Structure formats: C-alpha cells, structure tokens
Enquirer: 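Okay, here's the structure, questions in a sec.
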Amino acid sequence: NAGVMQNPRHLVRRRGQEARLRCSPMKGHSHVYWYRQLPEEGLKFMVYLQKENIIDESGMPKERFSAEFPKEGPSILRIQQVVRGDSAAYFCASSHGLAGRTDTQYFGPGTRLTVL
Amino acid sequence: KQEVTQIPAALSVPEGENLVLNCSFTDSAIYNLQWFRQDPGKGLTSLLLIQSSQREQTSGRLNASLDKSSGRSTLYIAASQPGDSATYLCAVSSNTGKLIFGQGTTLQVKP
C-alpha cells in the first residue's frame, strides 16, 4: 500500500512564476490536508479538502494561493506569482475520514520549494 | 486560539538513557493528539495517536500520555538509541480535523 505521494520533491522557481504542487493521498483516503514549514519555523496548517470540496482554508494566504482536490486525480496546491517568502517545505497529509476528526493523518515526503 | 508548546527545544542524552519529551496545549477541547518524528530534510512519521478519551498509548519503546484537563502530553522513550535522533513533533487535532503543531524537540542520542 503506497503511502502519500508528493511531486515534485524539489521545485525551483523564479520570482513571479507559478508553482504547482501535487499530492496523491493513500489509497482509500478521501481527506487531504496541506501544511507549510517555513525555515526555522514549525508546521502550519493551510487547507483541508475532501473530494471536490474545500472544508477549511483558514490557514491559506488570502492572495496567490489556491488548492483543489478534484474527483479524479491528485490534490493540487497552486501558488501564483511566487515571492522569496514562499520558499518552504510543503507537506500533504491524508486520512480516510471514516472516523472523522479523530483519524490519523499520514504525511507525504514534502515538496521543497525554492524561489530565486 | 489553540497554542502548542514543546519543552525542551533541544535535548542531548547518552545512549541507553530513558527520556521524556513534554508538550502542552492551551485549549483542552481537542479531538486527539499525535506525536510525530521528523528526520532532517524528510517528511513526518506518525509515532502515536491518543484519542481525547484515552490516557496513554504504547508502541515498542515509546509511551505517550495525555492529560486533557491540564493540557499536557508526554512522550517517554525508553533505552534511547542513536537511531532515535530526530525532531519530535506534538500536534493536537482541532474540531475541523486540522493539526496544530508545536515547534518540536530536537533529540540527539550520543553513542
């Protein structure tokens, strides 16, 4: 049973470009969470999605950031017009959702975004 | 607003020692608490999950306790090994399922 997969593992973008980060949850999991880890800081929640729905986006910056989890395919975190402050490790986690809010979340290896 | 604090920020112990990592949270209305391990440049590995109705969980040399009323959890590592060296993260689950993390304790176990 493959774990949570994220790609790319490393992404380099120049200021002003777009970054697209992909997350494939574990098989059978329908809940996806995105977290960001800035250098020398802890992990911060960004957004929680179920298939085709955004459940909680309270941690998403108001501008340039968006997320989706379509019926088919991986979840995508999209960052438009990247700035140097977006450089961070972005982690995706998934849970099966059957136990609701008490489910264990399983994390992917992360995508390390560097903005030049 | 929920805040999670981990003490100490860093810990260095000789191999074989038993040790305790501490985690505290400000809002006792949590659904569960998870302890994770993160190796440098890597993702997170879930170690233990304690539901809000439970007091402790054990896995091998690891034992985690939860006291909701006082807003505290501890992770006990028995007979530490150099391979235990990593950053240990505590996280509490909110009412929407999102995890709120502490800053972590970086552990070094010296051979």
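For clarity, every value in this text was computed on a predicted model and none was experimentally measured. Below, each value reflects all heavy atoms present in this structure, side chains not excepted, and no hydrogens, waters or symmetry copies. Here is how names work: the chains are called A, B, and so on, in the same order as the sequence lines, proteins then strands, and each is numbered from 1.
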Enquirer: Should we count NZ of B/K110 as having more than 12 external heavy atoms under 6.0 Å?
Expert: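 No - once you tally the heavy atoms of other residues, nucleotides and ligands closer than 6.0 Å, there are 12 at most.
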
Enquirer: Give, as side chain, backbone, both or neither, the part of B/K42 having an atom under 4.5 angstrom from any heavy atom of chain A.
Expert: backbone

Enquirer: Looking only at heavy atoms and a cut-off of under 4.5 Å, which of A/A89, A/P109, A/G108 has the most pairs with chain B?
Expert: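 Among the listed options, the one with the most contacts to chain B is A/P109.
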
Enquirer: Give me the atom names and distance for the closest heavy-atom approach of A/F91 to B/Q38.
Expert: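 Looking at all heavy atoms of both residues, the closest pair is CZ-NE2, 3.5 Å.
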
Enquirer: Look at the side chain of A/Q105 and the backbone N and O of B/S93, then say whether any donor-acceptor pair between them is shorter than 3.5 Å.
Expert: no

Enquirer: Heavy-atom count around B/R72 CZ within 6.0 Å, excluding the residue itself: above 12?
Expert: no

Enquirer: Measuring heavy-atom distances to chain B, does A/I55 have an atom under 4.5 Å in its side chain, in its backbone, in both, or in neither?
Expert: neither

Enquirer: Can you tell me which portion of A/Y106 sits under 4.5 Å from chain B's heavy atoms? Options are side chain, backbone, both or neither.
Expert: neither

Enquirer: Between A/Y48 and A/L43, is there a shared hydrophobic cluster once you connect ILVMFWY residues whose side-chain heavy atoms come closer than 4.5 Å?
Expert: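 Yes, it is one cluster - the side chains of A/Y48 and A/L43 are joined through contacts under 4.5 Å.
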
Enquirer: Look at the side chain of A/Y33 and the backbone N and O of B/L99, then say whether any donor-acceptor pair between them is shorter than 3.5 Å.
Expert: no

Enquirer: Same cluster or not: are B/L47 and B/V4 linked, directly or through other Ile, Leu, Val, Met, Phe, Trp or Tyr residues, by side-chain heavy atoms under 4.5 angstrom apart?
Expert: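 Both belong to a single hydrophobic cluster.
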
Enquirer: Looking at A/M60, I'd like to know if its CE atom is crowded, meaning that more than 12 non-hydrogen atoms belonging to other residues, nucleotides or ligands lie closer than 6.0 Å.
Expert: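 Correct, the count exceeds 12.
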
Enquirer: In terms of hydrophobic clustering (I, L, V, M, F, W, Y; side-chain heavy atoms under 4.5 Å; direct or indirect links), are A/L21 and A/M5 co-clustered?
Expert: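 No; tracing contacts between hydrophobic side chains, which count when under 4.5 Å, never links both residues.
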
Enquirer: Considering only heavy atoms, which portion of A/E41 lies under 4.5 Å from any heavy atom of chain B: side chain, backbone, both, or neither?
Expert: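 Only the backbone of A/E41 comes within 4.5 Å of chain B.
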
Enquirer: To the nearest 0.5 Å, what is the distance between CZ on A/F107 and CG on B/L89?
Expert: 9.0 Å

Enquirer: Taking everything shown except B/R61 itself, do over 12 heavy atoms lie less than 6.0 Å from its CZ?
Expert: yes

